[in-house]
Amino acid sequence: MKKALPFLLLALLTFSCKEKNVSKNVEVCGVKDPIRNLPWLRDLVGKARANKEDRAMTISLVELRGEPVINYTLSYMSCIGCHNFHCDGSRVDMSSYTEAEIREFQKNVWDEKGKRIVLWPEK
């Protein structure tokens, strides 16, 4: 056991030092770390913090028709994929997409195996 202890400590340090800020490593919409460097998104997070909603908030990056879409959800909302934004902060008009595209988008936002990058909460 004494010989295994140094390896266990090394493993613990290695896994505990993982990057905790996923957004910091993401480049989208022409910026790196969109949570901090897209003014409208930074403001959205700031408002959620001020309202003490930041722990119930999820912000995901999903692709729709090859374009990045940022989805904002509060865990107590019943709407799947309702608050979606383009890179400039304007709302995405979901009525301009086909039913199949919307289903795929919702699957990517909510499904366990969905193709998304969770920008918030920071882990």
Side-chain angles (χ1 to χ4, degrees):
M1 181 66 181
K2 287 183 181 179
K3 290 182 181 181
L5 189 59
F7 294 109
L8 290 173
L9 288 174
L10 181 61
L12 179 63
L13 287 173
T14 301
F15 290 114
S16 66
C17 292
K18 281 186 175 178
E19 178 62 55
K20 298 196 183 289
N21 182 348
V22 173
S23 178
K24 184 179 179 181
N25 297 318
V26 173
E27 188 167 336
V28 66
C29 302
V31 299
K32 195 164 187 164
D33 192 2
I35 294 290
R36 288 167 184 78
N37 294 318
L38 288 175
W40 66 269
L41 189 55
R42 183 179 56 238
D43 291 346
L44 189 71
V45 170
K47 287 176 188 172
R49 282 182 170 156
N51 294 331
K52 300 192 185 315
E53 296 175 326
D54 54 316
R55 291 183 178 215
M57 177 177 63
T58 302
I59 299 175
S60 301
L61 175 62
V62 184
E63 196 171 281
L64 185 59
R65 284 191 188 159
E67 297 290 324
V69 172
I70 297 174
N71 173 263
Y72 166 81
T73 303
L74 293 171
S75 61
Y76 56 79
M77 293 170 51
S78 62
C79 188
I80 298 174
C82 290
H83 299 280
N84 306 299
F85 302 91
H86 294 287
C87 286
D88 64 1
S90 63
R91 295 286 297 262
V92 174
D93 178 10
M94 295 304 283
S95 69
S96 64
Y97 297 95
T98 67
E99 284 183 42
E101 289 172 321
I102 293 170
R103 275 194 307 274
E104 179 70 19
F105 176 77
Q106 289 174 334
K107 177 183 166 192
N108 286 333
V109 169
W110 286 102
D111 193 290
E112 182 90 11
K113 297 179 182 177
K115 297 175 184 172
R116 70 179 171 281
I117 298 172
V118 176
L119 302 174
W120 188 275
E122 296 177 315
K123 307 250 180 204

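- Summarising the geometry of Cys87 relative to Leu38, their closest heavy-atom pair is O-CD2, 4.1 Å, with the distance given to 0.1 Å.
- Between Thr58 and Asn71 there is no side-chain heavy-atom pair separated by less than 4.5 Å.
- Ion pairing between a basic and an acidic side chain is recognised when a charged N comes within 4.0 Å of a carboxylate O; Arg36 and Glu122 show such pairing.
- At a threshold of 4.0 Å, the pair Lys115-Glu63 does not count as salt-bridged, since none of the basic side-chain nitrogens sits closer than that to a carboxylate oxygen.
- Between Leu41 and Pro34 the shortest heavy-atom distance is CD2-O, 3.7 Å.
- Within the 4.5 Å cutoff, the side chain of Met57 has heavy atoms near those of the Val45 side chain.
- Taking the six-membered ring where the residue is Trp, Trp40 and Phe85 present tilted rings, their angle falling between 30° and 60°.
- A distance-only check finds a donor-acceptor pair linking the side chain of Trp120 to the backbone of Asp54 [under 3.5 Å].
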Go through the steps for Tyr72 and Asn84 under the test side-chain contact (heavy atoms from CB on, under 4.5 Å), then give the verdict. CA-CA 6 Å; Tyr72 166 81; Asn84 306 299; over 6 Å; no

Apply side-chain contact (heavy atoms from CB on, under 4.5 Å) to the pair Glu67 and His86, showing each step before the final yes or no. CA-CA 8 Å; Glu67 297 290 324; His86 294 287; 5.8 Å; no

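- Between Phe105 and Met94, the closest side-chain pair of non-hydrogen atoms falls below 4.5 Å.
- We find the CD-OG distance between Glu53 and Ser75 to be 9.5 Å, quoted to the nearest 0.5 Å.
- Applying side-chain contact (heavy atoms from CB on, under 4.5 Å) to Val26 and the options Val118, Leu61, Ile35, Asp33 leaves one that passes, Leu61.
- Residues Trp110 and Arg116 have side chains not in contact (no heavy-atom distance under 4.5 Å, counting atoms from C-beta outward).
- Sparse packing is recorded around CZ of Arg55, with 12 or fewer heavy atoms of other residues, nucleotides or ligands lying under 6.0 Å away.
- Separation of atoms CG (Asn108) and NZ (Lys113) is listed at 13.5 Å; rounding is to 0.5 Å.
- Side-chain contact between Ile70 and Ile59 is present, with heavy atoms from C-beta onward closer than 4.5 Å.
- For the side-chain contact (heavy atoms from CB on, under 4.5 Å) test with Ser90, the passing option among Asp88, Asp93, Val92 is Asp88; the others fail.
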